[in-house]
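Structure first, commentary second.
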Amino acid sequence: MIYKIFRESEWKDAQSAGIFFGSPDDLRDGFIHFSAGNQVRATCDRYFSKGDNLVLAAADDAVLDALKWEVSRGGDKFPHLYGPLNVSAIRTVSYIRRGPDGRLIFPPEIP
């Protein structure tokens, strides 16, 4: 599984349309950014640390034809989708919330 972090409004728009063309960052870079499970926390810390009401969507990378694993941050390979994301490819949706101490709380499947 690979993961996309959405702002809640982006996720609601994608659900309504049935397709997601990308966030402003995705559109700027020419692909939709995903993370492997072990990359989610660092991605969230780096790009969403001030965000609230974040949605974590898991997709099966085997069903995404335009997906490429490419070297990015720190030399790690990240999954990049070169094309729109059909919402039907999403297998599970979880929320990343803040705990009473202000720290982000991730779903149990995220190491």
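In this text, all values refer to a predicted model and were calculated from it rather than measured experimentally.
- Contact detail for Phe21 and Leu27: the closest heavy-atom pair is O-CD2, 3.4 Å.
- Here Arg28 pairs with Asp25 under the salt bridge (charged side-chain N to carboxylate O under 4.0 Å, His left out) rule; sequence neighbours left out.
- For Asn38, the CG atom sits in a packed shell: over 12 heavy atoms of surrounding residues, nucleotides or ligands are nearer than 6.0 Å.
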Item to complete: Could you go through the side chain to side chain contact (heavy atoms under 4.5 Å, CB included) check for Leu54 and Glu8 one step at a time?
Response: CA-CA 6 Å; Leu54 300 173; Glu8 191 171 37; over 6 Å; no
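- For the residue pair Ser23/Asp26, the side-chain donor-acceptor check at 3.5 Å is satisfied.
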Could you go through residues 87-94 and list every donor-acceptor pair under 3.5 Å that involves a side-chain atom there, pairing it with any protein atom two or more places apart or in another chain?
unit_1	atom_1	unit_2	atom_2	d
Ser88	OG	Asn86	OD1	2.9
Arg91	NH1	Ser88	O	3.0

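- Leu67 is connected to Val63 through a chain of hydrophobic side-chain contacts under 4.5 Å among Ile, Leu, Val, Met, Phe, Trp and Tyr, so both are in one cluster.
- Shown here are the ring pair (Phe, Tyr, Trp, His ring centres under 6.0 Å) partners of Phe20, two or more places apart in sequence or in another chain: Phe6.
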Show your reasoning for whether side chain to side chain contact (heavy atoms under 4.5 Å, CB included) applies to Leu85 and Phe34. CA-CA 11 Å; Leu85 172 64; Phe34 280 86; 4.0 Å; yes
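- Residues passing the side-chain contact (heavy atoms from CB on, under 4.5 Å) test with Asp45, sequence neighbours excluded: none.
- The shortest distance between side-chain heavy atoms of Cys44 and Gln39 does not fall below 4.5 Å.
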N/O donor-acceptor pairs under 3.5 Å from side chains in residues 68-78, not counting sequence neighbours:
unit_1	atom_1	unit_2	atom_2	d
Glu70	OE1	His80	ND1	2.7
Glu70	OE1	Tyr82	OH	2.7
Glu70	OE2	Tyr82	OH	3.3
Arg73	NH2	Thr43	OG1	3.0

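- Rounding to the nearest 0.5 angstrom, the gap separating the CG atom in Leu64 from the CD1 atom in Ile32 is 9.0 Å.
- Pro107 has its side chain within reach of Leu56: a pair of non-hydrogen atoms, C-beta onward, lies under 4.5 Å apart.
- In this structure, Ile5 CD1 and Ser35 OG are separated by 5.5 Å, a value rounded to the nearest 0.5 Å.
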- Task: Report the C-alpha distance between Met1 and Asp61 in whole Å, list the side-chain angles of each, state the deciding distance to 0.1 Å, and finish with yes or no for side chain to side chain contact (heavy atoms under 4.5 Å, CB included).
- Result: CA-CA 6 Å; Met1 295 300 247; Asp61 59 333; over 6 Å; no
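- Side chains of Phe31 and Leu81 form no contact here, defined as non-hydrogen atoms less than 4.5 Å apart.
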Kindly list each side-chain donor-acceptor pair under 3.5 angstrom involving residues 96-104, sequence neighbours excluded, with atom names and distances?
unit_1	atom_1	unit_2	atom_2	d
Arg97	NH1	Asn53	OD1	2.6
Arg98	NE	Asp52	OD1	2.8
Arg98	NH1	Gly102	O	2.7
Arg98	NH2	Ser49	O	2.4
Arg98	NH2	Gly51	O	3.0
Asp101	OD1	Arg103	N	3.0

If you apply the rule side chain to side chain contact (heavy atoms under 4.5 Å, CB included), what do you find for Val40 with Phe106, and how did you get there?
CA-CA 9 Å; Val40 169; Phe106 293 87; 4.0 Å; yes
